[in-house]
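Take a look at the structure set out below.
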Amino acid sequence: MNDNLVELVDSYFINFLNNVTTVEKTIEDIGTVVGGGTPSKKIAAYWNGDIAWVTPKDLSQHPLIFTSSGENYITGLGLAKGSAKLLPTNTILFSSRAPIGYISIAKNNLATNQGFKSVIPNKEYSFQFIYELLKHETAAIKNEANGSTFKEISGKKLKQHIINIPNSEDTSKFNEITKPIFKQLRKLEEENEKLLAIKKELLEKYF
């Protein structure tokens, strides 16, 4: 069901862009681009706290539309002493290296490592619109990346990445149509996670 809904939204987004008048803007015009960081692993007081901390590896192992946490958690002290930032709910997590283009929506407040350039939506743009837009723009963003060992898109380049998007009135229509679909996607993912947890528990108990 989730796959069908994702395909539906993706198709609608492309059709939507093809049937409205667009204007040239940049990613910085529609949201705040925020990098991440890794607290020193030599200092135990920075780790095993209550702040979810996500890496691209987490998204590769659990490719969900909505992400609540990763394998590790950091403390408030680790957040304060490092370059990681606390990102609000509905921030679009976008991996900027190794590889470029893992995308997920923050289900709650969380932080990321430096492998992300996340986008906090401006008030005029919904998280579902920016999520679909970044999926649509990933190939072009990859083409702007630099690096010899592995490709990386910098925060500056992502901010300046040119996009063609509809006016706020048209994006509002897109939001109205897709908001209940994303709500359903989140609900289905939560149900799937519960079922997987039950399956794991049963396997451990009886096998």
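All figures in this text were calculated on a predicted structure; none of them were measured in a lab. Start at 1 with the first residue, then count along the sequence.
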Got a donor-acceptor contact below 3.5 angstrom from the [X] side chain to the [Y] backbone?
| X | Y | result |
| --- | --- | --- |
| Asn113 | Gly37 | no |
| Asn18 | Ile14 | yes |
| Ser104 | Ile65 | yes |
| Glu124 | Ile30 | no |
| Ser11 | Leu8 | no |

Nearest atoms (heavy-atom pairs only) where [X] meets [Y]:
| X | Y | result |
| --- | --- | --- |
| Ala98 | Pro56 | O-CB, 4.0 Å |
| Ile100 | Ala145 | CD1-CB, 3.4 Å |
| Asn146 | Lys157 | ND2-NZ, 2.9 Å |
| Ala45 | Leu77 | CB-CD2, 4.0 Å |
| Trp47 | Lys41 | NE1-CA, 3.5 Å |
| Asn164 | Leu17 | O-CD2, 4.4 Å |

For this session: Measure from the ring center of Phe94 to the ring center of Phe116 and say whether it is less than 6.0 Å.
Result: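 No - the distance between ring centres of Phe94 and Phe116 does not fall below the 6.0 Å cut-off.
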
Problem set entry | side-chain contact (heavy atoms from CB on, under 4.5 Å) between Val6 and Leu185, worked out | CA-CA 8 Å; Val6 168; Leu185 284 168; 4.0 Å; yes

For this session: Answer whether the closest heavy-atom distance between the side chains of Asp10 and Glu132 falls below 4.5 Å.
Result: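 The answer is yes; the side chains approach within 4.5 Å.
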
Exercise. Would you say Thr21 and Asn167 make side-chain contact, with heavy atoms under 4.5 Å?
Worked result: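 No, side chains not in contact.
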
Exercise. Do Glu190 and Lys107 sit within salt-bridge range, that is, some charged N less than 4.0 Å from a carboxylate O?
Worked result: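 Yes.
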
About how many Å separate [atom2] of [Y] and [atom1] of [X], when rounded to the nearest 0.5 Å?
| X | Y | atom1 | atom2 | result |
| --- | --- | --- | --- | --- |
| Lys142 | Glu137 | NZ | CD | 13.0 Å |
| Ile92 | Ser118 | CD1 | OG | 9.0 Å |
| Lys159 | Thr32 | NZ | OG1 | 8.5 Å |
| Asn109 | Leu86 | CG | CG | 5.0 Å |
| Leu59 | Ser95 | CG | OG | 7.0 Å |

For this session: Take His136 and Tyr131, measure what side-chain contact (heavy atoms from CB on, under 4.5 Å) needs, and give me the verdict at the end.
Result: CA-CA 9 Å; His136 185 73; Tyr131 174 80; over 6 Å; no

Exercise. Should the pair Phe174 and Phe16 be assigned to parallel (<30°), tilted (30 to 60°) or perpendicular (>60°) ring geometry?
Worked result: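 Correct class here is tilted.
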
For this session: Output, in order, the C-alpha distance, side-chain angles, deciding distance and verdict of side-chain contact (heavy atoms from CB on, under 4.5 Å) for Leu110 and Leu93.
Result: CA-CA 10 Å; Leu110 53 78; Leu93 311 177; 3.9 Å; yes

Verify same cluster id: [X], [Y] (apolar side-chain graph, 4.5 Å):
| X | Y | value |
| --- | --- | --- |
| Phe127 | Phe13 | yes |
| Leu188 | Val9 | yes |
| Leu5 | Ile177 | yes |
| Phe129 | Leu158 | yes |

Problem set entry | Gln114-Ser83 side chain donor-acceptor pair, cut-off 3.5 Å |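 The answer is no; no qualifying pair exists.
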
Exercise. Do Asn175 and Ser172 meet the criterion of a side-chain donor-acceptor pair at a distance under 3.5 Å?
Worked result: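 Note: Asn175 and Ser172 side chains miss the donor-acceptor criterion.
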
Exercise. In this structure, are over 12 heavy atoms from other groups packed under 6.0 Å from Glu7 atom CD?
Worked result: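 12 or below, so no.
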
Exercise. Does NZ or CZ of Arg97 come closer than 6.0 Å to the centre of the six-membered ring of Phe150, within 45° of the ring's axis?
Worked result: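 Not satisfied by the 6.0 Å and 45° rule.
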
Exercise. Between Thr171 and Ile165, is a side-chain contact (heavy atoms from CB on, under 4.5 Å) present by the stated rule, with each step listed?
Worked result: CA-CA 8 Å; Thr171 54; Ile165 61 172; 5.5 Å; no

Exercise. In this structure, which one of Lys25, Glu144, Lys156, Glu28 forms a side chain to side chain donor-acceptor pair (under 3.5 Å) with His161?
Worked result: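 Of the listed options, the one satisfying the test is Glu144.
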
